Amino acid sequence: MSKKKDRGFLDELADFFSLSDPEPKALKEWMLGKVIPCFLCKRDMDIRFSKKDRPYAVCNECQMQIFIRGRKGLKKLTELAKEQDEWQ
């Protein structure tokens, strides 16, 4: 993401969800408990956030870490988290 404007990840997530008057903390809380499949071992990876509210995922089985960057990556992550949410 560029630093042209002081927009954070959570603001971009709010735009993606098309929420009016979004609350960034609520979006982060929604995402925190979600899991996505590991592309190496196919087990669940927990979605976590760095100190700067950047999303990443960690697989407890194979110790894979994946860092999600850019607007397209963030959109794909939220879509995948929504899909996993519907399956459970």
Side-chain angles (χ1 to χ4, degrees):
M1 283 187 265
S2 67
K3 293 186 178 182
K4 291 179 185 175
K5 295 182 181 178
D6 193 21
R7 287 179 46 107
F9 160 73
L10 298 174
D11 293 327
E12 291 196 17
L13 253 184
D15 290 345
F16 177 71
F17 280 117
S18 301
L19 297 175
S20 59
D21 298 326
E23 188 177 329
K25 287 182 183 180
L27 292 173
K28 182 178 176 182
E29 289 174 8
W30 175 82
M31 189 78 102
L32 270 174
K34 305 300 180 218
V35 294
I36 57 174
C38 176
F39 67 89
L40 284 180
C41 69
K42 305 300 183 208
R43 300 240 166 96
D44 288 342
M45 293 194 308
D46 300 324
I47 297 176
R48 301 176 184 179
F49 285 85
S50 69
K51 292 178 185 176
K52 295 186 177 188
D53 287 332
R54 303 286 183 180
Y56 69 99
V58 177
C59 177
N60 293 328
E61 183 65 26
C62 67
Q63 300 302 310
M64 166 68 76
Q65 288 184 337
I66 183 168
F67 298 91
I68 296 88
R69 304 275 192 251
R71 186 174 291 231
K72 286 183 183 180
L74 297 175
K75 286 184 179 182
K76 295 277 187 184
L77 176 66
T78 53
E79 289 170 1
L80 192 56
K82 280 183 180 180
E83 281 179 23
Q84 295 299 320
D85 202 23
E86 292 171 4
W87 282 93
Q88 295 175 356

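Both backbone and side-chain heavy atoms feed into the values below; hydrogens, waters and symmetry mates do not. Every value quoted in this text rests on a predicted model; they were computed, and no experiment measured them.
- The two residues Arg48 and Leu32 come nearest to each other via the heavy atoms CA-CD2, 4.4 Å.
- Residues forming a ring pair (Phe, Tyr, Trp, His ring centres under 6.0 Å) with Phe67 (at least two apart in sequence, or on another chain): Tyr56.
- Ile47 and Phe39 end up in the same hydrophobic cluster when Ile, Leu, Val, Met, Phe, Trp and Tyr side chains are linked at under 4.5 Å.
- Using a 4.5 Å heavy-atom cutoff, the side chains of Leu40 and Cys59 are not in contact.
- Leu74 contributes atom CG, which lies 8.0 Å from atom CZ of Arg54 (distance to the nearest 0.5 angstrom).
- If you take CE on Met31 and CG on Asp53, they are separated by 11.5 Å, rounding to the nearest 0.5 Å.
- In this view, Ala57 and Ile36, Met45, Ile66 satisfy the side chain to side chain contact (heavy atoms under 4.5 Å, CB included) rule, not counting sequence neighbours.
- Atom NZ of Lys72 and atom NZ of Lys75 lie 9.5 Å apart (nearest 0.5 Å).
- With sequence neighbours left out, the side chain to side chain donor-acceptor pair (under 3.5 Å) criterion links Arg43 to Glu61.
- Under the 4.5 Å side-chain contact rule for hydrophobic residues, Leu80 and Val58 do not share a cluster.
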